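Right, one structure below, let's go through it.
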Amino acid sequence: MSNFAFGTYRITDNNPEHIQALVEAIEAGVRVIDTSTNYMNGSAEKAIAKALRHFDDDIRAEIEIVSKFGYIQGSNMASHKEEPFEDVVEYSESCFHSISKSFMLHQLEQSLLRLELTQIDCYLLHNPEYYIFNALNKGMQRDEALDNMFDRIFDVFVALEEQVSNGTIKSYGISSNSFSKEHNDSEFLPYEDLVTLADKAAEITGNEKHSFTTIQLPINMLETEGLKCAMWAKKNGLRVLVNRPLNAQDGELMYRLADYDESREYYNHLNELLNISDNDELRSLYNLVEQLDDNKHKYGWIGDYDSFLYSQIIPHIQKSLEGIDAQNFETLFTYIDMFLKEYRKMVSYECTKSTKIQLKEKLGTCSASLQECALKFLLECESIDYILVGMRKSSYVHDIMALKE
């Protein structure tokens, strides 16, 4: 049976609640913490360091830290524009990528500083398939793109083997969403030759055996193709970490595999905001709130709402409040903030109802909550070692660990 690991994708050292959740997870027996150099622009790694300060050396020695490198975003993007990194893939305006030796060494140094460590247990290439995406978009043939991709992976494997020898990392691996694609998918990253590459890298660096130990990939109740990769990994002595256990994709649709309760305060805040904005000056805000209420059941999943909130709702609200004096603005902002918090809860609740209807057949006989069904499915998979779960609150930690018991 697999175990739970703490995923830090949305964890920051500026939030005491996140630090407390990490501490309580360790106290509850979590011994693997997964992070990355780009999670919250390095703040996730800093949060781990803060949490580990609560424990003595014996406990800290039991905790395995898995971090990753590859993304050039945030402060890395600013550094790149001042002094460019090597072998950079410019995937989008806000997301560049590199797995060059020099970039890996730069990121490793920063990770060690943020984590307050002299050695990281496992360092992963983070989604190296960005090179494939970029090459295919530029018209390169897939076979040529894959050959180039594996040349890059081999070069960084050699560099990682060197770091194992130097003692800055214990082992390394790859985290790839493309491991979970079907073999005939243009975005699929073949994995069968990775151990051979690691063997050659170890030989070049003079290491007795390779230290390629870990793969990470998405697997959940709806996305099971990755189980083939997981079974291959186990046959080759590799460890399997699973991410996105509750955010599942089925075709073009996304689902949140978790139950959310209906907000008890929503209609109070809805009516308060409608009353206060029922005038000519705030008519635009009034109309927006009415439309939001009418459409709260139409989002595919909560991620759709979050994107819509920042791209459409907030800009519309800002425009609606132009010209409002400071005192009235502060009052309105309070009402809007309370409404939006409860509105998100209602959207989550409506998505839960819709998901249960659409996934009725796939849920089978499981009568527990969506998250229990989803996590128990993974716990029972023999080819999975760890399930990465974001536990940003103490209550999440208790709920998740109770499933293991």
Side-chain angles (χ1 to χ4, degrees), residues 1-12 15-35 39 44 47-48 50-52 54-55 58-60 62-66 216-224 226-227 230 239-248 255-264 301-303 344-345 348-349 351-353 355-356 359-360 362-405:
M1 179 177 280
S2 53
N3 289 305
F4 290 117
F6 197 115
T8 62
Y9 177 62
R10 294 169 62 187
I11 297 295
T12 170
N15 191 327
E17 189 174 34
H18 294 172
I19 307 299
Q20 184 60 32
L22 272 164
V23 169
E24 293 191 22
I26 293 171
E27 291 174 340
V30 168
R31 289 297 178 264
V32 174
I33 301 175
D34 176 82
T35 189
Y39 287 174
I48 294 169
K50 280 189 177 181
L52 289 179
H54 289 75
F55 300 94
D58 289 341
I59 296 296
R60 291 177 63 164
E62 296 177 0
I63 308 303
E64 180 179 358
I65 306 299
V66 179
Q216 184 181 134
L217 73 168
I219 301 176
N220 51 61
M221 286 184 71
L222 304 189
E223 297 173 271
T224 58
L227 287 171
R239 180 179 56 169
V240 177
L241 277 60
V242 164
N243 56 40
R244 282 207 294 105
L246 302 179
N247 289 342
Y255 297 94
R256 177 66 176 172
L257 303 179
D259 282 0
Y260 293 93
D261 295 329
E262 184 175 13
S263 168
R264 296 180 179 179
W301 77 301
I302 191 61
R344 190 180 190 279
K345 293 178 183 178
S348 298
Y349 170 68
C351 287
T352 294
K353 292 196 300 182
T355 297
K356 284 186 172 181
L359 302 183
K360 185 176 180 180
K362 294 187 177 182
L363 290 172
T365 58
C366 185
S367 58
S369 66
L370 281 173
Q371 58 267 35
E372 287 184 65
C373 294
L375 293 174
K376 285 181 177 179
F377 165 78
L378 294 173
L379 284 170
E380 294 170 0
C381 291
E382 294 183 359
S383 57
I384 295 172
D385 294 288
Y386 288 96
I387 305 163
L388 306 179
V389 185
M391 301 182 241
R392 299 187 308 280
K393 299 179 181 180
S394 296
S395 59
Y396 295 172
V397 173
H398 301 153
D399 290 344
I400 294 300
M401 298 310 292
L403 289 178
K404 182 63 179 177
E405 294 172 4

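Predicted model only: the values in this text are computed from it and were never measured. When reading the values below, keep in mind they use all heavy atoms of this one structure, side chains included, and skip hydrogens, waters and symmetry mates.
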Do [X] and [Y] have side chains that get closer than 4.5 Å, going by heavy atoms?
X    : Y    : answer
D261 : D259 : no
T224 : F377 : yes
T355 : L370 : yes
L257 : L359 : yes
I48  : I11  : no
V240 : S383 : no

Treating [X] as the side-chain partner and [Y] as the backbone partner, does any N or O pair qualify as donor plus acceptor under 3.5 Å?
X    : Y    : value
D385 : L241 : no
N220 : R244 : yes
S369 : E372 : yes

Quiz item: Mind checking what makes side-chain contact (heavy atoms from CB on, under 4.5 Å) contact with S395, not counting sequence neighbours?
Solution: K393

Quiz item: What residues, two or more places apart in sequence or in another chain, satisfy side-chain contact (heavy atoms from CB on, under 4.5 Å) together with Y260?
Solution: R256, A258, S348, T352

Quiz item: Which heavy atom of A230 sits nearest a heavy atom of I219, and at what distance?
Solution: CB-CD1, 4.2 Å

Practice problem: Write down the atom of T8, the atom of A44, and the distance for their closest heavy-atom approach. | Solution: O-CB, 3.5 Å

Results of side chain to side chain donor-acceptor pair (under 3.5 Å) for [X] - residues two or more places apart only:
X    : answer
N243 : Q216
R10  : none
Q20  : E24

Quiz prompt | F55: ring-ring contact (aromatic ring centres under 6.0 Å, His included) partners, not counting sequence neighbours | solution = none

